[in-house]
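Worksheet: one structure, shown below.
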Amino acid sequence: MRAFTYERATSVQEAANLVAAYPNAKFIAGGTNLLDLMKLEIERPARLIDVNGLELDRIEATPEGGLRIGALVRNTDLAAHDTVRRDYGLLSRALLAGASGQLRNRATTAGNLLQRTRCPYFYDTNQPCNKRNPGSGCAAIDGFSRQHAVVGVSDACIATHPSDMAIAMRALDATIETVKGDGTGRTIPITDFYRLPGETPHIETVLEHGEIITAVVLPPPVGGRQVYRKVRDRASYAFALVSIGAVVQSDGTGRIAVGGVAHKPWRSEEAEAELANGPGRAAAVLMADARPTEQNRFKVDLVERMVAAIFTEARG
Amino acid sequence: MDFTSTVSLKVNGQPYQLTLDNRTTLLDALREHLHLTGTKKGCDHGQCGACTVIADGRRINSCLSLALMHEGDEITTIEGLGQPENMHAMQSAFVRHDGFQCGYCTPGQICSSVAVLQEIATGIPSHVTEDLTGTIALTPEEVRERMSGNICRCGAYSNILDAIFEVAEGTP
């Protein structure tokens, strides 16, 4: 691990200012992903700003009837929150499908959104990786790509976003509140938050340097049957091959967000409109632009079968 | 440029003030600075659970936390749960049920087990909890799912499960 200076921020604005002032500064909250990457020197911040002391750990009702989740709410607390369990079951389910009990106790809401890919070539510093070392190439495209993305990919990167929670947040139309170093804030719909890899896979979100997430806001509950289904190589404590967060209404309409298949949670309104013609049709539209490798072609079929199973069972 | 900082925390009830290289993980602070070597370094990447300790009542991977991030926290390690002459009920149950072979993962397994029973008692759901809004049943499936962050390469899992159930049911 490279040496770094360490400061505890005492206010959101101070935290944003401290990071904005140094190009190589980073926020640290739970640290479960960042410290792992720092040990491997994939992340090499020269300055860490600890935001754990900021009072961003509350979950509160919004005047609109939704829920405002502080950026520092731990994954365990969010999954176990009574309102989340009752009205946003999809979010509880997604959180509980991810990581381990130990990690969920530390990992935060904002940090979960900002997790980096678990592509093994991103982690292996002996391999080229456009995300880790822009311009060096992608070892995954002609490598072992069974776990990689099939939609929204580019010639530079086929990494997936690893978060389960983000899939639920996407299905539930969450918005992300931030504060920047210059004191301004903004609200970013999650659909605009993540970027596709394109030619710049190292730039993963629309956040600016020094911009800090303060909360994630859920709109009022949408009801329906809420399902999070995750297919992985072992029954617990593994990243998804494919995961699906779905809201199924009694009339067969609904929402579908897919994990494990793209650089961001994958959802499309055109696909959901096709639910009127059956879940198979919706899944086909969702994966219409898939560009799988020989090794991960199975994910396209898996998405179709999972969507069909979820919608059939939920209405059964 | 200052690459060292000071942190005050309690470990097993004892207050400490440590001046550390900023990079020091909680795990290394416990082992290398406080010489509490019961907590083990397995993978050092949060994948194996050997480094599990209880911080402010919650189990965490001490390898994925900077010591500096624990200002004012109360840490409980395996040494704080019990000692050979005065073992915690979970430690005794692991001994009785042979919940280990080489023993390397055991401190983490025991810290995790103690916390798991607490999590079930306080109603924190898991991936296998059927009804998110109902009460949580203490079943082998629940315990296995919750213990998935602790790997045992000797494969003592079935005996670990027996030990945890013995404590949960209060019947040696």
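Order of the sequence lines fixes the chain letters, A, B, ..., with proteins taken first and strands second; residue numbering starts at 1 for each chain. What's counted below: heavy atoms across the whole structure, side chains too, no hydrogens, waters or symmetry copies.
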Evaluate Arg106(A) against Arg59(B) for side-chain contact (heavy atoms from CB on, under 4.5 Å), listing each step before the verdict. CA-CA 9 Å; Arg106(A) 284 301 288 174; Arg59(B) 57 182 171 142; over 6 Å; no
Apply side-chain contact (heavy atoms from CB on, under 4.5 Å) to the pair Arg8(A) and Leu68(B), showing each step before the final yes or no. CA-CA 9 Å; Arg8(A) 295 185 186 106; Leu68(B) 298 178; 4.1 Å; yes
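Salt-bridge check for Asp77(A) with Arg58(B): passed, with a basic side-chain N closer than 4.0 Å to an acidic carboxylate O.
Arg144(B) contributes atom CZ, which lies 12.0 Å from atom OG of Ser236(A) (distance to the nearest 0.5 angstrom). Taking NZ of Lys39(A) as the reference point, atom NE2 of His45(B) lies at 6.0 Å (rounded to 0.5 Å).
Put simply, of Asp44(B), Ile124(B), Thr129(B), Asp2(B), the one with the most heavy-atom pairs under 4.5 Å next to chain A is Asp44(B). For chain A, the option among Cys63(B), Ala55(B), Gly49(B) with the highest count of heavy-atom pairs below 4.5 Å is Cys63(B). The residue among Thr133(B), Thr4(B), Asp21(B) with the most heavy atom pairs within less than 4.5 Å of chain A is Thr133(B). Among Ala3(A), Gly31(A), Gly101(A), Ala80(A), the residue with the largest count of heavy-atom pairs under 4.5 Å with chain B is Ala3(A).
Of the two parts of Ser5(B), only the side chain, counted from C-beta on, holds a non-hydrogen atom closer than 4.5 Å to a non-hydrogen atom of chain A. Neither the backbone nor the side chain of Ala107(A) has a heavy atom closer than 4.5 Å to any heavy atom of chain B. Contact of Arg74(A) with chain B is made through the side chain alone, with heavy-atom distances under 4.5 Å. If you measure heavy-atom distances from Ser112(B) to chain A, the contacts under 4.5 Å come from the side chain alone. Within the 4.5 angstrom heavy-atom criterion, no atom of Leu95(A) approaches chain B.
Within 6.0 Å of CD on Glu55(A) lie no more than 12 heavy atoms contributed by other residues, nucleotides or ligands. For Arg47(A), the CZ atom is densely surrounded, since the number of other residues' heavy atoms within 6.0 Å is greater than 12. Counting non-hydrogen atoms of other residues, nucleotides and ligands closer than 6.0 Å to OH of Tyr22(A) gives a total of 12 or fewer. In the displayed structure, Tyr16(B) atom OH is contacted under 6.0 Å by more than 12 heavy atoms of other residues, nucleotides or ligands.
Between Leu66(B) and Ile28(A), the closest side-chain pair of non-hydrogen atoms falls below 4.5 Å. Between Tyr237(A) and His127(B) there is no side-chain heavy-atom pair separated by less than 4.5 Å. Residues Leu64(B) and Asp36(A) form a side-chain contact, since some pair of their non-hydrogen atoms from C-beta on lies under 4.5 Å apart. Asn105(A) has its side chain within reach of Glu119(B): a pair of non-hydrogen atoms, C-beta onward, lies under 4.5 Å apart.
For the pair Arg23(B) and Met1(A), the tightest heavy-atom approach, listed with the atom from each and the gap, is NH1-O, 2.8 Å. Between Glu130(B) and Arg93(A), the shortest heavy-atom distance links the atoms O-NH2, 2.8 Å. Heavy atoms only, all atoms of each residue included: Phe3(B) and Phe4(A) are closest at CD2-O, 3.3 Å. What you find for Pro125(B) and Ala79(A) is that their closest heavy atoms are CG-O, 4.0 Å. Heavy-atom minimum distance, Ser100(A) versus Asn61(B): OG-OD1, 4.4 Å. Across Ser92(A) and Leu132(B), no two heavy atoms sit closer than the pair CB-CD1, 3.8 Å.
Asn150(B) and Gln102(A) share a side-chain donor-acceptor pair at under 3.5 Å.
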